[in-house]
Amino acid sequence: MLGMPTFRNTCPRHCYGSCSMISHMSGGKLTRVVGDSEHGYTRGRLCAKGYSLIQYALDEYRLKYPLRQVRRGSGEWRRISWDQAYEIIASKMIELNTRYGSNLGLGYYKGNGNAGLLHQAVEGMFAGLGPHTRPIGDICSATGETALRETVNELRNPDPEKMSDAGLIVIWGANPANTNINQMKFIYEARQKGTPLVVIDPLLTHTANRADLYVQINPGTDAWLAWGIAKLLIESDKIDKEFIRQKTREFHRYKQGLEGITLEEVCSHTGVHLRVVEELADLYARFHPAANWLGFGMQRYPTGGESVKAVSALAALTGSFGSVGGGVYFRHRPQEEFPLHIAKHQGVKQPLLTSSREVPVNDFPGKAMKLQEPPLKMLWVSCGNPLAQDYNLRAWRDLFQQMEFIVTVDLYLNSTARQSDLVLPAASFFEEEDLHVSFWHHWLSYNQKVLPAFYEAKSDLQIARELTRKLNELQPGFSNFPAEKEPWDWIEGELSPEIRELYGLEEPADLKRHSYRRKKESLLSGWNYCFSRVQPHLFKDMRETESSLLFPYHLLTPQSLLKFHTQYETLSWLNGENREEPIIELAEEIACKHTIREDSLVEIYNEHGSISGRAKINPYLPEKIILVEQSDRYPINHLISGQGKAGESIPYFDCRVNLRRVRSDV
Ligand SMILES: Nc1nc2c(c(=O)[nH]1)N[C@H]1C(S)=C(S)[C@@H](COP(=O)(O)OP(=O)(O)OC[C@H]3O[C@@H](n4cnc5c(=O)[nH]c(N)nc54)[C@H](O)[C@@H]3O)O[C@H]1N2
Ligand SMILES: Nc1nc2c(c(=O)[nH]1)N[C@H]1C(S)=C(S)[C@@H](COP(=O)(O)OP(=O)(O)OC[C@H]3O[C@@H](n4cnc5c(=O)[nH]c(N)nc54)[C@H](O)[C@@H]3O)O[C@H]1N2
Ligand SMILES: [Mo]
């Protein structure tokens, strides 16, 4: 490899790792990507999806040209030029503006497809138009964030590299062996020093397989287990009284609340034996400090916030906050410390309108359909596949029907693109420049452009610039998005003196040689923890209801090892089989009850829809759980529905189904 040119990239997936990569080129080809060994979190190691990115870069299934669909949903596509595409889009935008006297009829939806800061060009492009319709919230982690703001008070993730110094690691509903492989190094290091690892999950996951203690819990009941542990810790006086006195509020209200629940209730709701609850309390009492990992999985329920609060209280009771390696790990938002000039761009002023209309993403189609004066008429979808990955998919179909014009920007003709009028081919991150921070670790890194555009693909930023120019050509002054700025201009703009100080970066260009770790990370001096109320009545639907009798099984659809939500399904290195139907995993007992054999054709269904696939008997699954992967080919989310509450994410795991064998199957 000596002498071969290498480049710096950052994996842009919405993932814990935001891995820093070194890409090797040979003969004009991308031949190898490896983890950056100098990056303190990546440490030279990528996941299988990371190593397969060279196949992704040139994937034959990628979109190559702008496409127009003759009639939406017809599947008849015509290749058009970029100029034609811009002309069609800009004319429609101007027409809607003339019809309604503002740009409120224009809106966008952005998914989590690319976490780079320059991908906020989508937000920026719309901001340039002045008041418009935009999404707010977070489908993935808002429930936990809201809960932590009420209790822990701030959202600052301890440095996850320090997890190796914890005295006890308890993972509540995360599966890092699948979703965050680089964290496993720090967990293994801790275990080598004798730190016990506990995994609490309804599924015996790859991570659970590596634990000292695996606790199989009923879905959605973590709050109860945490309350049970807390009760035992308080009753046996194994709490950090000094920490509680100095650094917390509302302890007595919390303690009283715990007196209102019994250990019998804890065991019956969680399905965890009293001896195991006692063992957990004993581990929390003996090993310090405790690293409590609040996984995204455990908060994907309507009562997920209660679980997050209840588990965070264990960190307060044991005084784990602020000790090296201890505390609560969930996520943080380091980008909020950046200027974010691109997203916060001040758009064209409208005389009578002061602000944009906001649509919460946890009920996007429901709320967007109700907008009036003007109604929403044009939707721009970027970096997301809501027709497969959101919930309430029937409402999404209704919303699409109501739209006059839908544009999707993506690398693939996915479920959402297939229902759009116009599809624009997005560049992969190898074809563009970007800047990255992580929602988990503390590093800042750069992404260099290493490949020429794949056919006619363009980055979201380039599209924003070119569409802005077309709009202004057709109607001068329509947008003031700074179309002249180059990617590096935006990057330099983000590296303000404060940011350079925070990351110890002397010159912006230094980022082209190294990644930088954030320097400040301790809790603020006036910090304190607020114990929340213990509210068992919020779990009222734990009793069997009519609906739970009709649909007795919990459907769990967590993240898979070799896919990224609906991404990478076409890559043969990762997902060679190219299955057209899902695998429906079920327990032996359910198979027996429904006379289902391995590979039988089965259907799972509820009041929202049905999906059929091949049965796989999984002897490790609890009796009441059915497990299916997320996919673009057979979106399982047709079965997932609910109501988004303010400030919460989507309760994806709150889904009940029933099951039957498909009779025609022989
Ligand atoms: N390979 C891969 N990695 C990814 C992703 C991917 O798609 N593929 N996606 C990325 C994204 S966007 C995210 S948000 C993260 C999410 O990654 P994780 O935080 O690991 O979250 P999930 O996969 O949603 O769920 C984690 C675990 O929660 C468990 N669980 C479900 N219900 C409960 C419950 O009630 N209590 C408890 N204790 N556990 C429960 C599930 O069985 C699952 O094993 O992963 C990121 N990394
Ligand atoms: N059943 C179920 N559903 C879930 C979850 C679950 O656990 N269970 N998890 C939820 C979670 S945590 C999340 S974060 C969401 C993820 O939801 P989405 O973000 O909608 O999911 P992806 O399938 O990753 O789709 C991202 C799309 O962005 C495209 N893309 C990638 N890079 C770029 C780019 O640079 N520009 C543009 N324009 N497009 C790009 C990809 O090709 C892909 O089509 O899914 C949620 N849905
Ligand atoms: Mo996510």
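Atoms within a ligand are numbered from 1 in the order they appear, just like the ligands themselves. Along the sequence shown, residues are numbered consecutively beginning with 1.
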Give the single entry among His565, His638, Arg13 that approaches atom 9 (N) of ligand 2 most closely by any heavy atom. His565

Hey, is ligand 2 close enough to Tyr56 that some N/O pair sits below 3.5 Å? no

Ionic contact status for Lys449 with Glu431, cut-off 4.0 Å: no

Salt bridge check, Arg656 against Glu607: does any charged N sit closer than 4.0 Å to a carboxylate O? no

Could you check whether any side-chain N or O of Gln448 sits under 3.5 Å from a backbone N or O of Asn9, counting only pairs where one atom can act as donor and the other as acceptor? no

Nearest protein heavy atom to atom 1 (N) of ligand 1, by residue and atom, and its distance? Ser560 O, 2.7 Å

A student comparing Gln567, Arg62, Gln559 should find that the heavy atom closest to atom 7 (O) of ligand 2 comes from Gln559

Are Trp380 and Leu424 packed together at the side-chain level, in the sense that at least one heavy-atom pair is separated by less than 4.5 angstrom? yes

Using a strict threshold of under 4.0 Å (side-chain N to carboxylate O), is an ion pair present between Lys110 and Glu123? yes

Please enumerate all residues that pass side-chain hydrogen bond (donor to acceptor under 3.5 Å, both in side chains) together with Glu623, with sequence neighbours excluded. none

Report yes if Asp460 has an N/O atom closer than 3.5 Å to an N/O atom of ligand 2; otherwise report no. yes

Under 4.0 Å from a heavy atom of His119: give me the atoms of ligand 2 that qualify, with their elements. 34 (C), 35 (O)

Nearest-contact summary for atom 14 (S) of ligand 1 - protein heavy atom, Å: Cys140 SG, 3.0 Å

Interfacing atoms of ligand 1 (cut-off 4.0 Å, heavy-atom, Lys49): 1 (N), 2 (C)

Side chain, backbone, both or neither: which part of Phe296 comes within less than 4.0 Å of ligand 2 when only heavy atoms are counted? neither

Could you find the nearest protein heavy atom to atom 47 (N) of ligand 1 and give me its residue, atom name and distance? Thr179 O, 3.1 Å

Using a strict cut-off of 4.0 Å, indicate which atoms of ligand 1 neighbour a heavy atom of His14. 10 (C), 11 (C), 12 (S)

What protein heavy atom sits nearest atom 31 (C) of ligand 1, and how far away is it? Phe653 CD1, 3.4 Å

Arg210 versus Met184: any side-chain heavy-atom pair under 4.5 Å? yes

Judged by non-hydrogen atoms, does Tyr16 sit under 4.0 Å from ligand 1? yes

If I apply the N/O under 3.5 Å rule, does Glu432 come out as touching ligand 2? no

Run the salt-bridge test on Lys563 and Glu569 with the 4.0 Å N-O cut-off and return the result as yes or no. yes

Interfacing atoms of ligand 1 (cut-off 4.0 Å, heavy-atom, Pro219): 35 (O)

Which residue and non-hydrogen atom of the protein lie closest to atom 29 (C) of ligand 1, and at what distance in Å? Asp201 OD2, 3.2 Å

Closest protein heavy atom (residue, atom, distance) for atom 35 (O) of ligand 1: Gly220 N, 2.6 Å

Looking at non-hydrogen atoms alone, which of Thr557, Ile217, Asn175 comes nearest to atom 20 (O) of ligand 1? Asn175

Under 4.0 Å between a side-chain nitrogen and a carboxylate oxygen: does that hold for Asp138 and Arg333? yes

Protein heavy-atom partner closest to atom 5 (C) of ligand 1 - residue, atom, separation in Å: Phe564 CE1, 3.4 Å

When you look for heavy atoms under 4.0 Å from ligand 2, do you find them on the side chain of Ile640, its backbone, both, or neither? side chain

Within the 4.0 Å heavy-atom shell around Lys563, which atoms of ligand 1 are there? 1 (N), 2 (C), 6 (C), 7 (O), 8 (N)

For atom 23 (O) of ligand 2, which protein heavy atom lies nearest, and how many Å away is it? Thr566 OG1, 2.4 Å

Of all the atoms in ligand 2, which lie at a distance below 4.0 Å from a heavy atom belonging to Asn414? 44 (O)

Can you report which non-hydrogen protein atom sits closest to atom 26 (C) of ligand 1, along with the distance? Gly173 O, 3.3 Å

Near Leu561, which atoms of ligand 1 are under 4.0 Å from a heavy atom of that residue? 1 (N)

Ligand 2 contact on Cys383 by region, counting heavy-atom pairs under 4.0 Å: both

Do any nitrogen or oxygen atoms of Ser382 lie less than 3.5 angstrom from nitrogen or oxygen atoms of ligand 2? yes

Heavy-atom contacts under 4.0 Å between Asn637 and ligand 2: side chain, backbone, both, or neither? side chain

May I ask you to check whether Asn178 has an N/O atom sitting below 3.5 Å from an N/O atom of ligand 1? yes

Those atoms of ligand 1 less than 4.0 Å from some heavy atom in Tyr301: 31 (C), 32 (N), 33 (C), 34 (C), 35 (O)

What part of Asp390 sits under 4.0 Å from ligand 2 if we count only heavy atoms: the side chain, the backbone, both or neither? neither

As an exercise, identify every atom of ligand 1 less than 4.0 angstrom from a heavy atom of Cys15. 47 (N)

In terms of atom number and element, which parts of ligand 1 are under 4.0 angstrom from non-hydrogen atoms of Thr205? 44 (O)

For a quick test of reading the model, state the closest non-hydrogen atom pair linking Ala388 to Thr566 and the distance between them. CB-CG2, 4.0 Å

Just by modelled atom types, is the Leu562 backbone N or O under 3.5 Å from a matching donor or acceptor in the Ser560 side chain? no

Between Asn112, Ile171, Asp222, Leu203, which one has a non-hydrogen atom sitting closest to atom 38 (N) of ligand 1? Asp222

